[in-house]
Protein chains: 2
Amino acid sequence: MGLTKTEIFTFEQNQLSVLLKAIAHPARIAILQQIISANACICGDLVEELGLAQATISQHLKELKNAGIIQGAIDGVKVCYCIEPKTWKLLDQLFGDFMRSYVDPKGCC
Amino acid sequence: MGLTKTEIFTFEQNQLSVLLKAIAHPARIAILQQIISANACICGDLVEELGLAQATISQHLKELKNAGIIQGAIDGVKVCYCIEPKTWKLLDQLFGDFMRSYVDPKGCC
DNA sequence: TGATCTAATCGTATTATTGCGATATAATTA
DNA sequence: TAATTATATCGCAATAATACGATTAGATCA
């Protein structure tokens with residue numbers, strides 16, 4: 001049917017998948033790296049840095065914002081984006097727990 | 001156009017996004033958790049555990065396999081799936097580096 | 001106020017994803 | 001060999017995602 005059955009899964013499974021899906025795109029990874037490396041924030045510089053149209057960058061920023069991974073502050077004519085620390089920590093926690101739940105082989109198929 | 005411009009991004013950006021995209025679905029997270037908790041491997045048990053059709057589970061397994069996150073070994077009539085340790089480590093490394101590149105606020109917008 | 005600059009949104013074309021019934025494949029058992 | 005069991009694949013319908021030109025909205029500057 002083309003519709004994910006979210007009601008079947010746990011809150012945490014859905015929560016982690018939403019956060020990961022927001023990051024799981026090379027353009028959004030590049031945007032986040034740019035935001036992080038610029039220490040503070042950026043805005044339309046991203047359009048120049050990456051080779052994508054302004055509308056496309058804006059859309060990616062919106063998705064990252066919807067997922068709560070970044071936040072945008074209006075600064076005059078520009079908009080300054082930066083990481084949302086709370087969500088970043090949450091993601092680190094959720095994904096860390098998930099990854100650490102697997103402890104090596106010691107016998108498999 | 002609806003086609004991700006992979007040629008614009010670095011190998012690592014694309015690599016990480018492929019791995020994350022494979023995991024960024026609640027059903028696939030549930031499948032991985034099931035595989036991990038069963039220590040060894042599983043196969044069609046997943047169809048019973050999760051509430052999805054056999055064709056759907058098989059498709060999700062295929063995607064996880066294509067990304068290199070799991071491997072399947074034929075065991076008679078059944079197929080035994082388990083985590084691919086190398087890819088798991090790679091993901092842990094790539095994502096860990098990515099997450100750690102952000103070091104708290106100390107002044108933002 | 002009018003011009004300018006920045007960013008968001010709309011509309012649209014293209015492609016990908018999700019889910020499942022039906023069918024095919026492959027190994028095992030009777 | 002025929003029946004059974006376990007998976008994979010095909011085909012399809014519905015929905016989501018990607019990208020971008022064009023337009024809109026909002027703030028700043030002359």
Side-chain angles (χ1 to χ4, degrees), chain A residues 1-9 13-14 17-31 34-35 41-67 69-82 109, chain B residues 1-9 13-14 17-31 34-35 38 41-67 70-82 109:
Chain A
M1 293 166 184
L3 183 63
T4 301
K5 290 188 166 180
T6 52
E7 72 278 4
I8 287 180
F9 308 102
Q13 285 167 341
N14 285 311
S17 74
V18 165
L19 290 174
L20 290 181
K21 191 157 67 175
I23 299 184
H25 190 286
R28 294 197 286 274
I29 290 176
I31 287 173
Q34 198 66 36
I35 289 179
C41 317
I42 318 183
C43 53
D45 300 335
L46 292 162
V47 178
E48 291 180 47
E49 296 289 344
L50 319 184
L52 292 171
Q54 184 267 320
T56 308
I57 296 289
S58 190
Q59 201 176 330
H60 281 306
L61 286 169
K62 189 181 176 187
E63 282 185 58
L64 288 169
K65 211 167 124 191
N66 283 342
I69 294 172
I70 63 173
Q71 61 186 122
I74 297 173
D75 175 26
V77 199
K78 306 179 182 180
V79 175
C80 178
Y81 285 99
C82 59
C109 31
Chain B
M1 294 163 183
L3 183 63
T4 301
K5 292 187 164 179
T6 52
E7 70 279 4
I8 287 181
F9 308 102
Q13 286 167 340
N14 285 310
S17 73
V18 165
L19 290 175
L20 289 181
K21 190 157 68 174
I23 299 185
H25 190 286
R28 293 195 286 272
I29 290 176
I31 286 174
Q34 197 66 38
I35 289 179
C41 317
I42 317 184
C43 53
D45 300 335
L46 291 163
V47 178
E48 291 180 47
E49 296 289 343
L50 320 184
L52 291 172
Q54 184 265 321
T56 307
I57 296 290
S58 190
Q59 200 176 332
H60 282 305
L61 286 169
K62 189 183 176 185
E63 282 184 57
L64 288 169
K65 210 167 125 190
N66 283 344
I70 62 172
Q71 61 186 123
I74 297 173
D75 175 27
V77 200
K78 305 180 182 181
V79 175
C80 177
Y81 285 101
C82 57
C109 32

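Lettering follows sequence order; numbering is per chain, from 1.
Proximity of A/K78 to the phosphate of D/dG26: no side-chain N or O atom is located under 4.0 Å from OP1 or OP2. Residue A/H25 has no polar side-chain atom (N or O) positioned under 4.0 Å from OP1 or OP2 of C/dA16. For B/H60 and C/dG19, the shortest distance from a side-chain N or O to OP1 or OP2 is below 4.0 Å.
Between A/A30 and A/L50, the closest heavy-atom pair is CB-CD2, 3.8 Å. Between B/C82 and B/I35 the shortest heavy-atom distance is CA-CG2, 3.8 Å.
Partners of A/Q71 according to the side chain to side chain donor-acceptor pair (under 3.5 Å) rule, which considers only residues two or more places apart in sequence or in another chain, do not exist here. Looking at residues two or more places apart in sequence or on another chain, you find a side chain to side chain contact (heavy atoms under 4.5 Å, CB included) between A/V47 and A/Q54, A/I57. Residues meeting the side chain to side chain contact (heavy atoms under 4.5 Å, CB included) test with B/K65, sequence neighbours left out: B/I70, B/Y81.
Here D/dT7 presents its P atom at 12 Å from CD1 of B/I70, a figure rounded to the nearest Å. The separation between B/L46 atom CG and C/dG19 atom C1' is 16 Å, rounded to whole Å. Between B/I8 atom CD1 and D/dT18 atom P there is a gap of 14 Å when expressed in whole angstrom units. Following rounding to the nearest Å, B/E48 (CD) and D/dT7 (P) show an atom-to-atom distance of 10 Å. Separating the CG atom of A/L3 from the C1' atom of C/dC20 is a distance of 13 Å, rounded to the nearest angstrom. One interatomic measurement links the two molecules: CG of A/L64 to C1' of C/dA7, which rounds to 16 Å at whole-angstrom precision. At whole-Å resolution of the value, NZ in A/K21 and P in D/dT15 are 15 Å apart.
Of the two residues near DNA chain C, A/T6 and A/D45, the one whose nearest nucleotide lies more 5' is A/D45.
Within a 6.0 Å radius of CD1 in B/I74, no more than 12 heavy atoms belonging to other residues, nucleotides or ligands are found.
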Side chains of residues 17-29 of chain B: which donor-acceptor pairs under 3.5 Å do they make with residues two or more places apart or in other chains?
{"from": "B/S17", "atom 1": "OG", "to": "B/Q13", "atom 2": "O", "distance (Å)": "3.4"}
{"from": "B/S17", "atom 1": "OG", "to": "B/N14", "atom 2": "O", "distance (Å)": "2.9"}
{"from": "B/H25", "atom 1": "ND1", "to": "B/A27", "atom 2": "N", "distance (Å)": "3.0"}
{"from": "B/H25", "atom 1": "NE2", "to": "A/T4", "atom 2": "OG1", "distance (Å)": "3.4"}
{"from": "B/R28", "atom 1": "NE", "to": "B/A22", "atom 2": "O", "distance (Å)": "2.5"}
{"from": "B/R28", "atom 1": "NH1", "to": "B/H60", "atom 2": "ND1", "distance (Å)": "2.9"}
{"from": "B/R28", "atom 1": "NH1", "to": "B/E63", "atom 2": "OE1", "distance (Å)": "3.4"}
{"from": "B/R28", "atom 1": "NH2", "to": "B/K21", "atom 2": "O", "distance (Å)": "3.3"}

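Identified under the salt bridge (Lys or Arg N to Asp or Glu O under 4.0 Å) test for residues 45-54 of chain B, with sequence neighbours left out: none.
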One pair to check against side-chain contact (heavy atoms from CB on, under 4.5 Å): B/L61 and B/L46. What are the steps and the verdict? CA-CA 10 Å; B/L61 286 169; B/L46 291 163; 4.0 Å; yes
Once base and sugar-phosphate atoms are separated, protein heavy atoms under 4.0 Å mark nucleotides 24-30 of chain C, 5' to 3', with B, S and - as ---SS--
Would you list the protein and nucleotides 8-11 of chain D atom pairs, both N or O, that sit under 3.5 Å from each other?
{"from": "D/dA8", "atom 1": "OP1", "to": "B/Y81", "atom 2": "OH", "distance (Å)": "2.2"}
{"from": "D/dA8", "atom 1": "OP2", "to": "B/S58", "atom 2": "OG", "distance (Å)": "3.0"}
{"from": "D/dA8", "atom 1": "N7", "to": "B/Q54", "atom 2": "NE2", "distance (Å)": "2.9"}
{"from": "D/dA8", "atom 1": "N6", "to": "B/Q54", "atom 2": "OE1", "distance (Å)": "3.0"}

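Within the nucleic acid shown, A/I57 has no heavy atom closer than 4.0 Å to any nucleic acid atom.
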Given pairs defined as Watson-Crick or G-U wobble with both distances under 3.5 Å, what dot-bracket annotation applies to DNA chain C, with ( ) intrastrand, [ ] crossing, | other strand and . unpaired? ||||||||||||||||||||||||||||||
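For A/L52, the side-chain atoms get nearest to D/dC20 when compared with the rest of C/dT6, D/dT18, D/dC20.
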